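Quick notes on the structure that follows.
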Amino acid sequence: MSTRFLGIPAVVWSMLALVIAAIFVYVWPSDKVPGDTTSIRYLILRWGHTLVWVLIAGFILLRSVGASTFANLLGALAGITYLAFVATLVMN
């Protein structure tokens with residue numbers, strides 16, 4: 001039950017999202033994040049955007065195999081995580 005978007009299989013889109021997540025591990029290095037490394041603000045700023053892309057990858061993959069209920073949960077978590085990341089970034 002593999003789905004396609006723009007003619008590309010969902011698994012490829014999911015892998016692309018994981019590649020983007022891996023890139024953000026290095027694009028947003030910890031030396032750009034001020035403050036204590038044990039604070040929740042640090043964790044959100046350092047790892048929030050990466051987590052969003054991992055959740056999106058899971059959403060795409062699960063949606064393509066028909067597990068829409070759990071996929072929707074991951075999609076909602078991705079949205080909440082992104083809002084937390086942006087809010088923390090703006091307030092920082």
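All heavy atoms count here, side chains included; hydrogens, waters and symmetry mates do not. Computed from a predicted model, the values in this text were never measured in an experiment.
Note that CD1 of Ile60 is 5.5 Å distant from OG of Ser14, once rounded to the nearest 0.5 Å. Atoms CD1 and NE2, from Ile20 and His49 in turn, are 9.0 Å apart once rounded to the nearest 0.5 Å.
In terms of hydrophobic clustering, with Ile, Leu, Val, Met, Phe, Trp and Tyr side chains grouped at heavy-atom distances under 4.5 Å, Val12 and Leu62 are assigned to a common cluster. At a threshold of 4.5 Å between side-chain heavy atoms, the hydrophobic network of Ile, Leu, Val, Met, Phe, Trp and Tyr places Trp13 and Phe70 in one connected group. Cluster annotation: Leu61 is connected to Phe59 through the hydrophobic network of ILVMFWY side chains, with a link wherever side-chain heavy atoms come within less than 4.5 Å. No continuous path of ILVMFWY side-chain contacts below 4.5 Å connects Met91 to Ile44, so the two sit in separate hydrophobic clusters. Cluster membership for Val54 and Trp47, using ILVMFWY side-chain heavy atoms within less than 4.5 angstrom, is not shared.
Looking only at side-chain heavy atoms (C-beta outward), Leu51 and Arg46 stay at 4.5 Å or farther from each other. No side-chain heavy atom of Leu18 sits less than 4.5 Å from a side-chain heavy atom of Trp53.
Minimum interatomic distance between Ala21 and Thr50 (heavy atoms only, all atoms of both residues): O-CG2, 3.5 Å.
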Which pairs would a plain distance check flag for residues 71-89, meaning a side-chain donor or acceptor within less than 3.5 Å of a matching protein atom at least two apart in sequence or in another chain?
residue	atom	partner	partner atom	Å
Asn72	ND2	Ser68	O	3.2
Thr81	OG1	Leu77	O	2.7
Thr88	OG1	Ala84	O	2.7

